[in-house]
Amino acid sequence: MNDDQTFRNALLVFTVIMFPIGVYHRLRSRVAGETLDRRQEGLFILATLRPLGLINMIGLIAYLINPASMAWSSVPLPAWLRWTGVGLCAGAGALVFWTFRRLGKNLTDTVVTRRDHTLVMHGPYRWVRHPFYDSAALLTLGTSLAAANWFVFVTGALAVGLLVLRTRIEEEKLLARFGGDYRAYVGRTGRFLPRIRPNR
């Protein structure tokens, strides 16, 4: 078995484990009759984020089906670095599972809060306000290293960059919804990395 088949199999195992977990939590968070207005993300984010995510996913799926089909964007990486990518995927999977568990029915794929939304400040949210985006960044790096593929990295990194850009709108919505509680929460947590010293 060549290296590509080994890392393809590792990513396949990861996907088979994580995909049903993601689907389960997405379905569990849906409330009958409630629609979320994704237009509040802004036209630029709305027109670019999901198409980029889809392009990234198509590239990764193509690699999983047949690594040779993505050989045009492959880069030579040592096996230890590719195994580091597999480890990053495992870490991203653990973080996203923890995040899903703590968010519960508050989970959305946009900046709009649900009717019965609550402010989650436990689990990974105790330290950072956007752990799901941290897991997306880890997953992008991990999959691109494991697949040794620059296309997977570039499209994933652009999508993560748009998520980062979208957090400004998301936090404005949360501040409008939760007011002083959210402002205090912002003062003691980091956006993506734990805050070393809370704001006074």
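Residues: numbered from 1 along the sequence shown. Keep in mind that the numbers below use all heavy atoms, side chains included, and drop hydrogens, waters and symmetry copies.
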Enumerate the residue pairs fulfilling ring-ring contact (aromatic ring centres under 6.0 Å, His included) with a member in residues 152-183, sequence neighbours excluded, ordered by first and then second residue.
->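 Non-adjacent pairs meeting ring-ring contact (aromatic ring centres under 6.0 Å, His included): Y182-Y185.
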Between R126 and M121, is there a donor-acceptor pair closer than 3.5 Å when you use the side chain of the first and the backbone of the second?
-> no
Donor-acceptor under 3.5 Å (T155 side chain, I55 main chain) = no
Testing the 3.5 Å rule here: is there a donor-acceptor pair between the side chains of [X] and [Y]?
| X | Y | value |
| --- | --- | --- |
| N106 | S29 | no |
| S73 | N149 | yes |
| R177 | T113 | yes |

For the residue pair [X] and [Y], establish whether any side-chain heavy-atom pair is separated by less than 4.5 Å.
| X | Y | answer |
| --- | --- | --- |
| C89 | L11 | yes |
| W127 | T189 | no |
| H25 | L27 | no |
| F100 | Y24 | no |
| V152 | N56 | yes |
| T143 | Y63 | no |
| I58 | F151 | no |
| E170 | H130 | yes |

Quick check for you: to the nearest 0.5 Å, what is the distance between [X] atom [atom1] and [Y] atom [atom2]?
| X | Y | atom1 | atom2 | answer |
| --- | --- | --- | --- | --- |
| L165 | T48 | CG | OG1 | 8.0 Å |
| L77 | L145 | CG | CG | 6.5 Å |
| D134 | R129 | CG | CZ | 11.0 Å |

Flag the pair R82 and D4 as a salt bridge only when some basic side-chain nitrogen lies within less than 4.0 angstrom of an acidic carboxylate oxygen.
-> yes
R26/D109 salt bridge by N-O under 4.0 Å criterion =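 No, D109 and R26 are not salt-bridged.
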Enclosure of D116 CG (heavy-atom neighbours >12, cutoff 6.0 Å) =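 Result for CG/D116: open.
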Might you work through the side chain to side chain contact (heavy atoms under 4.5 Å, CB included) test for V160 and Y133, ending with a clear yes or no?
-> CA-CA 7 Å; V160 169; Y133 300 162; over 6 Å; no
Name of the residue among E41, E171, E172 meeting salt bridge (charged side-chain N to carboxylate O under 4.0 Å, His left out) with R166 = E41
